[in-house]
Amino acid sequence: FNRTPTLDFATTDYTVEAWINTSNIYHRQMIFAQGYTSNRWYVDVNSYNSNKKFNAQICQSGVSPGCKTIASTTEVTDGKWHHVAATYNRDGNMTIYVDGVKENSINISAYNNNPINGVTHDNTYALNLGTFLSDPEKNTYTLWFDGEMDEMKIYNLTRTAAEISTDANETVNGQSC
């Protein structure tokens, strides 16, 4: 993705959603990721230490702690399709959902891109789908998603729990997604 004003993750609230299917339990797998080093955000499947959960993280230099991470309670590496979503409300909470159900939330108001010691979220790097930028100078990527992803959605607002549940439970031609 090329950066555009409507995808300014450094200053706006946003929601990311996707359908994922993976059975890989051996490494971390990115779904959405933006940024590099200490000023970044991402959502992933973290399989380290048998976690097997859906995770969301946001980081900003100058904020203590530097990063906030939350994990789902549901394992998502079972080889079945799961709807995952993360909302980032800059003045409130980062919240994650699995299959339309709210699973975890944490306050991220300190990460609202107010300059702290002159540092804000780094919005200069492109949004990545299914991978993470590991070295911008060498243009190398890592943490590839090992499975299937579908219906990836990005909103420049914080969607409600009801809206996310509707997406997770919608039917197409009379069949559940």
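As the structure is a computational prediction, the values presented were derived from the model and not from experiment.
Annotation: the span from Ile58 atom CD1 to Met94 atom CE amounts to 6.5 Å, rounded to 0.5 Å. Between atom CG of residue Asn107 and atom OG1 of residue Thr95 there is a gap of 10.0 Å, rounded to the nearest 0.5 Å. A distance of 14.5 Å separates NZ of Lys102 from OG of Ser72, quoted to the nearest 0.5 Å. Rounding to the nearest 0.5 angstrom, the gap separating the OG1 atom in Thr87 from the CG atom in Leu157 is 10.5 Å.
The ring pair (Phe, Tyr, Trp, His ring centres under 6.0 Å) test applied to Tyr88 returns Tyr14, Trp41, not counting sequence neighbours.
Counting heavy atoms from C-beta outward, Ile154 and Leu127 have side chains that approach closer than 4.5 Å. Taking 4.5 Å as the limit, some side-chain heavy atom of Met149 sits within range of a side-chain heavy atom of Ile31. Within the 4.5 Å cutoff, the side chain of Gln57 has no heavy atoms near those of the Ile70 side chain. For the pair Leu129/Phe145, no side-chain contact is recorded, criterion being any heavy-atom separation below 4.5 Å from C-beta on. Within the 4.5 Å cutoff, side-chain heavy atoms of Val76 are placed close to those of Val98. Inter-residue side-chain proximity for Ser23 and Thr77 is flagged as unmet; no heavy-atom pair is nearer than 4.5 Å. Looking only at side-chain heavy atoms (C-beta outward), Trp19 and Met152 stay at 4.5 Å or farther from each other. Residues Asn89 and Asp13 form a side-chain contact, since some pair of their non-hydrogen atoms from C-beta on lies under 4.5 Å apart.
Judged purely by atom type and a 3.5 angstrom limit, Asn24 has no side-chain atom pairing as donor or acceptor with the backbone of Asp146. For the pair Thr166 (side chain) and Ala162 (backbone), a donor-acceptor distance under 3.5 Å is present. In this structure, the side chain of Lys153 does not engage the main chain of Ala18 through any donor-acceptor pair within 3.5 Å.
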Yes or no on side chain to side chain donor-acceptor pair (under 3.5 Å) for Glu103 and Thr74, after CA distance, side-chain angles and deciding distance?
CA-CA 8 Å; Glu103 298 228 346; Thr74 301; 2.5 Å; yes
So Glu17 and Tyr155, side-chain contact (heavy atoms from CB on, under 4.5 Å) or not? Walk me through it.
CA-CA 9 Å; Glu17 295 183 38; Tyr155 300 90; 3.5 Å; yes
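The shortest heavy-atom contact between Ala86 and Ile96 is CB-CG2, 4.0 Å. Residue Asn93 comes nearest to Ser105 through the heavy atom pair CB-OG, 3.3 Å, listed as atom of the first residue, atom of the second, then distance. Shortest non-hydrogen contact noted between Ala168 and Gly100 is CB-N, 3.4 Å. Minimum interatomic distance between Ala85 and Phe54 (heavy atoms only, all atoms of both residues): O-CE2, 3.3 Å.
With hydrogens and angles left out, the side-chain atoms of His83 and Asp99 include no donor and acceptor closer than 3.5 Å.
Under the side-chain contact (heavy atoms from CB on, under 4.5 Å) test applied with Phe32, the options Val84, Asn128, Thr131, Val16 reduce to a single match, Val16. The one candidate from Lys53, Glu75, Met30, Gln29 that meets the side-chain contact (heavy atoms from CB on, under 4.5 Å) condition with Val45 is Gln29.
Tyr97 and Ile106 fall into different hydrophobic clusters, where Ile, Leu, Val, Met, Phe, Trp and Tyr side chains are chained together by heavy-atom contacts under 4.5 Å.
Atom NZ of Lys80 is surrounded by 12 or fewer heavy atoms from other residues, nucleotides or ligands within 6.0 Å.
For Asp167 and Arg159, the salt-bridge test passes: some basic side-chain N is under 4.0 Å from an acidic carboxylate O.
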